[in-house]
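In what follows, a single structure is set out as structure tokens and then discussed.
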Amino acid sequence: MIGWYNAVLEPAFHLSYPNDTLAFVVLSTPSMFEKAFKPFLRHHMLQNIIDPIDQCVAYHMSLVKERYPSGKLDVIYDYELHPNRRPKVLMQTAAHVSGAAYYYQRKDIPQDPWGSKKMFGVCIHPQFGGWFAIRAVLVFPEIQAPDLEQTLPLDCLPSQDDKIQLLEHFNFNWRDGKYRDVLPPKEKYSAEQTLYFATPPAERRKLLELHGQLHPSPQC
């Protein structure tokens with residue numbers, strides 16, 4: 001429910017819906033690349049100014065909307081910002097309060113070793129570790145669920161040392177992806193998918209063309 005999210009954040013980050021409004025967090029797991037993204041590339045023309053993954057997610061969210069024609073459904077994507085550049089939704093917080101993934105933060109470690117250093121938090125999924133992404137929040141403004149019982153996320157890193165190691169890997173060496181393997185994952189990204197996400201966003205279209213996933217961009 002929206003109230004679970006609003007309750008843990010400052011008012012500036014609140015979502016403007018009644019607290020008992022029903023909402024869902026949308027995750028993508030490693031199989032998304034083969035089952036959704038690559039089929040999307042084969043059957044759709046990409047827009048130059050929008051990230052290919054974002055276009056794929058938006059397409060599949062449009063299919064969800066088609067399945068719910070009689071009611072109102074708001075989709076908030078992970079990349080959406082307010083005019084002041086503040087995220088419309090703090091996706092990791094949303095994932096945590098929904099029970100989808102545990103959002104590990106500095107406050108989870110009573111006596112941390114980092115002094116004045118800024119340490120960012122990261123979500124870990126109980127099955128996929130760090131091999132997943134939070135893509136969107138779906139809000140159903142016309143559906144209220146006041147009796148919905150909140151399920152807390154599974155703390156799959158009970159050891160303080162494991163939490164410290166996770167945050168250090170994520171903050172100091174996130175590019176090597178070791179934080180994703182903080183627990184044995186059920187599934188992880190393929191080599192092709194890992195290469196795609198490791199490639200700078202501006203170069204991903206060329207990578208897709210090189211691997212035959214896209215027709216080359218027309219030359220001006």
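The first residue in the sequence is number 1, and the count goes up from there. Since the model is a prediction, treat every value here as computed from it, not as a measurement. Below, all heavy atoms of this structure are taken into account, side chains as well, without hydrogens, waters or symmetry copies.
Gln150 places no side-chain N or O within 3.5 Å of a backbone atom of Trp4 that could act as its donor or acceptor partner. Here the side chain of His125 pairs a donor or acceptor atom with the backbone of Gln127 at under 3.5 angstrom. When atom types are taken as modelled, the side chain of His14 and the backbone of Leu9 share a donor-acceptor pair closer than 3.5 angstrom. The backbone N or O of Pro30 sits less than 3.5 Å from a side-chain atom of Gln193, completing a donor-acceptor pair. One N or O on the side chain of Asn171 and one on the backbone of Phe120 form a donor-acceptor pair closer than 3.5 Å. Listed for the Asp108 side chain is a donor-acceptor partner under 3.5 Å among the backbone atoms of Gln105. Asn173 places no side-chain N or O within 3.5 Å of a backbone atom of His169 that could act as its donor or acceptor partner. The main-chain N or O of Thr199 is found under 3.5 Å from a side-chain atom of Arg204 such that the two form a donor-acceptor pair. Between the side chain of Gln92 and the backbone N or O of Gly121, at least one donor-acceptor pair lies under 3.5 Å.
Atom CG of Leu208 sits about 10.0 Å away from atom NZ of Lys38, to the nearest 0.5 Å. A distance of 11.0 Å separates CD in Glu187 from CE in Met32, rounded to the nearest 0.5 Å. The OH atom of Tyr5 lies 7.5 Å from the CZ atom of Phe13; values are rounded to the nearest 0.5 Å. We find the CD-CD distance between Gln165 and Gln160 to be 13.5 Å, quoted to the nearest 0.5 Å. Here the NZ atom belonging to Lys72 is positioned 7.5 Å from the NZ atom belonging to Lys65, to the nearest 0.5 angstrom. Note that OH of Tyr79 is 10.0 Å distant from NZ of Lys88, once rounded to the nearest 0.5 Å.
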Kindly determine whether Glu142 and Leu73 satisfy side-chain contact (heavy atoms from CB on, under 4.5 Å), including the steps that lead there.
CA-CA 8 Å; Glu142 298 174 340; Leu73 170 58; over 6 Å; no
Apply side-chain contact (heavy atoms from CB on, under 4.5 Å) to the pair Cys56 and Tyr59, showing each step before the final yes or no.
CA-CA 5 Å; Cys56 174; Tyr59 167 72; 5.7 Å; no
Val89/Val137 under side-chain contact (heavy atoms from CB on, under 4.5 Å): CA gap, chis, key distance, verdict:
CA-CA 8 Å; Val89 172; Val137 167; 3.9 Å; yes
Worked verdict on Leu166 versus Val122 for side-chain contact (heavy atoms from CB on, under 4.5 Å)
CA-CA 8 Å; Leu166 168 66; Val122 61; 3.9 Å; yes
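A cation-pi arrangement is absent between Lys35 and Phe37 under the rule of less than 6.0 angstrom and at most 45 degrees off the ring axis.
Heavy-atom neighbours of Arg86 CZ from other residues, nucleotides or ligands within 6.0 Å: above the threshold of 12.
Within the 4.5 Å cutoff, the side chain of Met119 has heavy atoms near those of the Phe172 side chain. By the 4.5 Å heavy-atom criterion applied to side chains, Tyr77 and Asp54 are not counted as neighbours. Considering only heavy atoms from C-beta on, Trp114 comes within 4.5 Å of Glu168 through its side chain. Side chains of Phe132 and Pro185 form no contact here, defined as non-hydrogen atoms less than 4.5 Å apart. Under the 4.5 Å side-chain criterion, counting only non-hydrogen atoms from C-beta, Thr29 is not in contact with Trp131.
Leu148 and Val97 fall within a single hydrophobic cluster, where Ile, Leu, Val, Met, Phe, Trp and Tyr side chains are chained together by heavy-atom contacts under 4.5 Å. No continuous path of ILVMFWY side-chain contacts below 4.5 Å connects Leu154 to Phe128, so the two sit in separate hydrophobic clusters. When the side chains of ILVMFWY residues are joined at heavy-atom separations under 4.5 Å, either directly or via intervening members, Tyr196 and Ile134 end up in a single hydrophobic cluster. Trp174 and Ile164 fall within a single hydrophobic cluster, where Ile, Leu, Val, Met, Phe, Trp and Tyr side chains are chained together by heavy-atom contacts under 4.5 Å. Both Val75 and Leu63 are members of a single hydrophobic cluster when ILVMFWY side chains are connected at heavy-atom separations under 4.5 Å.
Residues Met91 and Ile76 approach most closely at CE-O, 3.4 Å, considering heavy atoms. Nearest approach of Ile124 to Cys156, heavy atoms of both residues: CG2-SG, 3.9 Å. Taking both residues in full, the closest heavy atoms of Leu138 and Met61 are given as CD2-SD, 3.6 Å, listed atom of the first, atom of the second, then distance. Pairing each heavy atom of Ser98 with each of Ala95, the nearest pair is OG-O, 2.9 Å. Residues Pro153 and Ala101 approach most closely at CB-O, 3.6 Å, considering heavy atoms. Gly130 and Arg180 make their closest contact through O-NH1, 2.7 Å (heavy atoms, listed as atom of the first residue, atom of the second, distance).
The hydrophobic cluster of Tyr103 has no other members, since no ILVMFWY side-chain heavy atom comes under 4.5 Å of it.
Separation of the Tyr189 and Phe33 ring centroids does not fall under the 6.0 Å cut-off.
If you check the side chains of Arg135 and Ser28, you find a donor sitting under 3.5 Å from an acceptor. Side chain to side chain, Asp155 and Tyr104 meet the donor-acceptor criterion of an N or O pair below 3.5 Å.
Ring-plane geometry between His44 and Phe40 is classed as parallel, the angle between the planes falling under 30 degrees on a 0 to 90 degree scale with a further cut at 60. His96 and Tyr102 have perpendicular rings, their planes meeting at more than 60° on a 0 to 90° scale where under 30° would count as parallel.
Taking the charged nitrogens against the carboxylate oxygens, Lys163 and Asp112 have no contact shorter than 4.0 Å, which rules out a salt bridge.
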Determine all donor-acceptor pairs shorter than 3.5 Å in which one atom belongs to a side chain in residues 16-27; sequence neighbours excluded.
residue : atom : partner : partner atom : Å
Tyr17   : OH   : Asp74   : OD2          : 2.7
Thr21   : OG1  : Pro18   : O            : 2.8

